[in-house]
Amino acid sequence: MKLDELGNLRRTNLSTQITPKLAGKEVVVMGRVGDARDLGGIKFFILSDIAGAVQITAPKAKTDKKLLAKIDELTKESSVAVKGKVVAAKQAPRGVEVLPLEIRVLNLASTPLPLDPRGRVKANLDTRLDARGLDLRRSESLAIFKIRHQALQAIREHLLSQDFIEVQTPKIVATATESGAALFPVSYFDREAFLSQSPQLYKEVLTGAFERVFEVGPIFRAEEHDTPRHLNEATSIDIEVAYATADDVMDILEELVYRAFNEVKKKCAEELKVLGHKLEVPKKPFPRLTYDEALKRLERAGLKVPWGEDLPTPAEKKLGELVGGAYFVVDWPTAIKPFYILPKKDNPKLCAAFDLMFKGLELASGGTRVHQKELLVKQLKQKGLNPESFESHLKNMMAVPPHAGWGLGLDRLTMVLTGVDNVRECVLFPRDRKRLTP
RNA sequence: GCCCUGGUGGUGUAGCCCGGUCUAACAUGCAGGCCUGUCGAGCCUGCGCCUCGGGUUCAAAUCCCGGCCAGGGCGCCA
């Protein structure tokens, strides 16, 4: 079938703006073809757009033959423009429908579709991700990304209201920033470079100039993890604040997460309903338990973690059961946190680091940073890192003020807000150990 | 990387334990037909599937081994 041109035809109304009040008016709607029905003497199809849907109705006796033939050619999920007359009709969905005067078939979907976009037959996640463009048209997928968008908007608004400046740091870098996570090498002309695993060092440098900065951007981790909560490309919300300590930025984080929950609950009621998720806003203040207390509570629950070790996944899950909701774990052993975290003055075995957990899932981590060059070099060495490879950063860190910050995983936050249990569902086109396409 | 579970039409499942009755079932889909008010429409006709390789056996979707792929649990990591 030959496709039609969009030409200078433009949409006059979104589907949901077509109401019985517009009866008699001529409108142009554009969208994708949903359910189609041919009752012999009358044909219907649903046209869906980002706002919702409207029914296009073509009674055989009153509709041009060529138009009727065109409707027969339409396949589900094809892209169409319909110019037509609005008619109030009791029998129609929402009491209104459009009688077509002109139909432009802008693109035709091939059949059969790789999955059912109406979701009556559930598809596996793998199938869905292979056909992600189509999968994203499902109401559940749409709901997830509307919630993600709403959460990010709430977060941005909050940070901007607190005088933060939004920045963008390089994603192609020369050195690692964290001690642990592996890096993806990229070829940079005749040199080796890496994809950035965190904006850490850059945002710290920027506190010297802008004082309060935040960035929303991709981070890349070359870890071979294969779990429902890890990705090799993730979106991180990072902040860094001059003249502040861990406690100060925890307060910011708490308020910001609280607002994200509240805004989503308020503005995404429909989306939460689609997902069948009852969102509970965590109570403020979020509990703050120390690493030592966490270990004690775990031991009482029959799960012993040796002091000085990071919490293994089962321990995180158990702690999530014990504490529930959103909570901080603070005062971590210095040895298991990165070199840029400030050790505690009264007990250098502990440092001013914190993790924000939601149930068993780590959403964010941060801390008071080391702003003095000598200590930074000392800690680099202690972690077995070579200060020379951080030379350009150290030079740029000249006389930065004392500062603190955190990084929050937007994908994981979206999991919690939507109640979805695989992070892949919260990312448009996820990158994991095995998936590099689409 | 390790452990567990699985892989059946386009999609989602049943069948597998206990081999033959499977010419593989159901739903959805797709193609065509009937119907002037459908809205998860209904009815009729048709289409389409056992992950790959090897083995056991008279006989394999079914049992065994290996590969590949997926889901979950870990590890690593945020």
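What's counted below: heavy atoms across the whole structure, side chains too, no hydrogens, waters or symmetry copies. We name chains A, B, ... by the order of the sequence lines, and we start the count at 1 in each one.
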| Where are the stems of RNA chain B, defined as at least 3 consecutive Watson-Crick or wobble G-U pairs with both distances under 3.5 Å? |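 Only these stems qualify: B:1-7 with B:68-74, B:10-13 with B:25-28, B:29-34 with B:42-47, B:51-55 with B:63-67.
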Rounded distance (Å) that lies between atom [atom2] of [N] and atom [atom1] of [X]:
X         : N      : atom1 : atom2 : value
Asp432(A) : G75(B) : CG    : P     : 19 Å
Arg120(A) : U28(B) : CZ    : P     : 10 Å
Asp355(A) : A78(B) : CG    : C1'   : 8 Å
Leu361(A) : C77(B) : CG    : P     : 17 Å
Lys318(A) : C74(B) : NZ    : P     : 13 Å
Phe220(A) : A78(B) : CZ    : P     : 16 Å
Phe184(A) : C77(B) : CZ    : C1'   : 12 Å
Arg118(A) : A27(B) : CZ    : C1'   : 16 Å

Nucleic acid contacts - [range] versus RNA chain B, non-hydrogen atoms under 4.0 Å:
range                       : answer
residues 78-104 of chain A  : Gln91(A), Ala92(A), Pro93(A), Glu97(A)
residues 298-317 of chain A : Pro312(A), Thr313(A), Pro314(A), Lys317(A)
residues 403-424 of chain A : Arg412(A), Asn422(A)

Between [N] and [M], how far is it from one [atom1] atom to the other, in whole Å?
N      : M      : atom1 : value
C50(B) : C22(B) : C1'   : 10 Å
G73(B) : G15(B) : C1'   : 28 Å
A59(B) : G20(B) : C1'   : 7 Å
A61(B) : A24(B) : C1'   : 8 Å
G48(B) : G12(B) : C1'   : 15 Å
U28(B) : U62(B) : P     : 29 Å
C69(B) : A25(B) : C1'   : 26 Å
U11(B) : C49(B) : C1'   : 12 Å

| message | Any base atoms under 4.0 Å from Lys43(A), or only sugar-phosphate, or nothing? Heavy atoms, all strands. | response |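 Nothing, no heavy atom under 4.0 Å.
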| said: Does Ser236(A) reach a base, just sugar-phosphate, or nothing at all? Heavy atoms under 4.0 Å. | reply: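 No contact.
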Say whether, by atom type as modelled, one donor and one acceptor occur between the side chain of [X] and the main chain of [Y] under 3.5 angstrom.
X         : Y         : answer
Arg288(A) : Val329(A) : no
Arg94(A)  : Ile18(A)  : yes
Asp432(A) : Arg435(A) : yes
Thr75(A)  : Ser78(A)  : no
Tyr340(A) : Leu380(A) : no
Trp406(A) : Val249(A) : yes
Arg369(A) : Leu342(A) : no

| task | Answer yes or no for Arg37(A) and Phe44(A): cation-pi contact, defined as NZ/CZ to six-membered ring centre under 6.0 Å and angle to ring axis within 45°. | result |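 Arg37(A) over Phe44(A) ring: no.
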| said: Ring of Phe339(A), cation from Lys383(A) - is the NZ or CZ under 6.0 Å from the centre and inside 45° of the axis? | reply: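 Verdict for Phe339(A): no cation-pi partner in Lys383(A).
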| request: Taking all heavy atoms of Asp411(A) and all of Val427(A), pick out the closest pair and write down the distance. | output: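 Taking Asp411(A) first and Val427(A) second, the nearest heavy atoms are OD1-CG2, 3.4 Å.
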Can [X] and [Y] be counted as having a side-chain donor-acceptor contact under 3.5 angstrom?
X         : Y         : answer
Ser236(A) : Asp238(A) : yes
Thr169(A) : Lys171(A) : yes
His403(A) : Glu204(A) : yes

Please tabulate the protein-to-nucleotide N/O contacts below 3.5 Å involving nucleotides 1-11 of chain B, giving atom names and distances.
unit_1, atom_1, unit_2, atom_2, d
G10(B), O2', Leu113(A), O, 3.2

| said: I'd like to check Val80(A) versus Leu106(A) (side-chain heavy atoms, cut-off strictly below 4.5 Å). Are they in contact? | reply: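 Side chain of Val80(A) against side chain of Leu106(A), heavy atoms only: no contact under 4.5 Å found.
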| task | For residues His158(A) and Glu255(A), determine if any side-chain heavy atom of one lies less than 4.5 Å from a side-chain heavy atom of the other. | result |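 A side-chain contact exists here, since the closest heavy-atom pair is under 4.5 Å.
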Do [Y] and [X] have ring centroids that are under 6.0 Å from one another?
X         : Y         : result
Phe286(A) : Tyr327(A) : no
Phe358(A) : Phe261(A) : yes
Phe354(A) : Trp332(A) : no
His393(A) : Tyr202(A) : yes

| Hey, is NZ on Lys273(A) packed in by over 12 heavy atoms from elsewhere, all under 6.0 Å? |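 No.
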| said: Side chain of Pro228(A), heavy atoms from C-beta onward: which of G75(B), A41(B), G73(B) has the nearest atom to it? | reply: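 The answer is G73(B), which lies nearest to the side chain.
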| field | Side chain of Glu362(A) - closest among A41(B), C76(B), A78(B) | value |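 Ranking A41(B), C76(B), A78(B) by closest atom to the Glu362(A) side chain puts A78(B) first.
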| query | Hey, is the side chain of Arg37(A) poking within less than 4.0 Å of OP1 or OP2 on A41(B), counting only N and O atoms? | reply |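 Yes, such a contact exists.
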| query | Is any side-chain nitrogen or oxygen of Lys76(A) closer than 4.0 Å to OP1 or OP2 of C30(B)? | reply |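 Checking C30(B) against Lys76(A), a side-chain N or O does come within under 4.0 Å of OP1 or OP2.
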Give every pair of a protein N or O atom and an N or O atom of nucleotides 32-36 of chain B that lie under 3.5 Å apart, one pair per line with the distance.
unit_1, atom_1, unit_2, atom_2, d
C35(B), N3, Asp38(A), O, 3.3
C35(B), N4, Asp38(A), O, 2.1
U36(B), OP2, Leu39(A), O, 3.3
U36(B), OP2, Gly41(A), N, 2.9

